[in-house]
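Shown next, in structure tokens, is the structure this report addresses.
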Amino acid sequence: MKPLENDLFLKACRREPTERTPIWLMRQAGRYLPSYQALRQRYDFLTLCRTPELAAEVTLQPVEQLDVDAAILFSDILVVPEAMGLTVRIEDGLGPQIEHPVRTAADVARLVIPDPHEKLGYVLEAVRATLERLRGRVPLIGFAGAPWTLLAYMVEGSGTGDFRRARVFVREAPDVAHALLEKIAHAVARFLRAQIEAGVHAVQLFDTWAGLLDPDSFAEFALAGVRCVIRELKAAGCDDVPILLFSRGTAAWTETLAETGADVLSLDWTCDLARARRQVGDRVALQGNLDPIALLASPDIVVREARRVLARFGPGSGHIFNLGHGVLPETPVENVRRLVDTVKRESPKYHVEDREEPRLD
Ligand code: CP3
């Protein structure tokens, strides 16, 4: 494969020196982009995900229009529950809906651990189509939902509210919940491994709903699920591909999350980057963590807030600029451009020491 023209993101994942801080944004391909909306007029969301050429097209839009330092494959975390045997719909305004949610041991027994080449081949095709069109400009990030977040959707049946069905379920039927968690973790690990074999340069796990759990359940479900996936990936020899972990609402668990084997922790906007950096030491790199709401403010505020995040991490390597969650649909594209430009222009001063030649004496 062609060597990468821009490997700032991968270097930052490994905490290697870079001349500036790399930036990409969660949900950088999506409804705030007019070019995405134009495609959505012609195709529904799942058709975009399932048609490799279209998924590649959408993945490239932010790379070409915003000049971000990494591409993230256009897909969704719910492709895995679907491949396991559930029927998933994404409805406008309502979000994801699952037809027959998982509620019993028999429901869990019916789920399969899919062979990704068979059931998720369209995602692997999208990886290959995207890599071809990227021609080594920036790295491509693959992803999957973390086991707990997927379990929450699979049991709840929708993504609205506080997932109370799912949270009652893990208390009432812990054994069934563990069997489900284990199946999901295997499915996710096999899927990520297949994405890596198809050529993605890094993978991110999304644990969007980890913050709903009390400390014991967090350890029992969210942490256990993530650890299982990472262990399986490492056992399969995927050591040289960075693993990023986005865990939302879990500022209290930063130190614990740094021990999961992930290479990068992606933090939400409630975390203090300076404090997190002290907590994790040199165990992991950090990604984040601008509040996506800041992108709805005037351009001057966007610049100020971007500077604040850079200053909060401070000098040195191991920071990937990102949001604390995904770009909101009502975000002005101009503000996103302003953010990317600000990070590129203002971050070199935090990497001055990184640029110095090693001394020979
Ligand atoms: O980051 C990217 O640009 C890559 C694409 C991506 C999507 N979803 C596209 C998408 C990624 C990485 C995801 C992950 C995802 N999906 C998560 C974890 C991250 C997060 O945002 O918390 C979750 C929880 C989902 C489940 C999901 N999919 C929800 C809740 C929704 C509806 C919300 C909404 O914005 O409408 C989706 C649909 C979805 N996934 C859209 C996109 C662009 C909107 C579909 C559309 O109407 O065009």
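One-based numbering, in listed order, for ligands and for the atoms of each. What you see is a predicted model; the values in this text were computed from it and never measured.
- Residue, atom and distance of the protein heavy atom nearest to atom 26 (C) of ligand 1 are Asp76 OD2, 3.6 Å.
- Counting heavy atoms under 4.0 Å from ligand 1, residue Leu73 touches it through the backbone alone.
- If you check which protein heavy atom lies closest to atom 35 (O) of ligand 1, you get Arg31 NH2, 2.6 Å.
- Judged by the 6.0 Å distance and 45° axis criteria, Arg277 is positioned over the aromatic ring of Phe313.
- No part of Phe246 comes within 4.0 Å of ligand 1, judged by heavy-atom distances.
- Thr87 and His100 form no side-chain donor-acceptor contact under 3.5 Å, judged by distance and modelled atom types alone.
- With respect to the salt-bridge test (charged N to carboxylate O, under 4.0 angstrom), the residues Lys11 and Asp7 qualify.
- Considering only non-hydrogen protein atoms, atom 39 (C) of ligand 1 sits nearest to Phe45 CZ, 3.5 Å.
- Looking at Arg27 against ligand 1, both its backbone and its side chain come within 4.0 Å, counting heavy atoms.
- With respect to atom 25 (C) of ligand 1, the closest heavy atom belonging to the protein is Ile77 CG1, 3.5 Å.
- At a cut-off of 3.5 Å, with distance as the only test, no side-chain donor of Ser298 or Asp300 sits close to an acceptor on the other residue.
- Ring geometry for Tyr153 versus Trp209: interplanar angle over 60°, hence perpendicular rather than tilted (30 to 60°).
- Residue Met26 has at least one heavy-atom neighbour below 4.0 Å for each of these atoms of ligand 1: 1 (O).
- Checking only distances, Gln28 does come within under 3.5 Å of ligand 1, N or O to N or O.
- Using the six-membered ring where Trp is involved, Phe74 and Tyr36 have ring planes that are tilted, between 30° and 60° apart.
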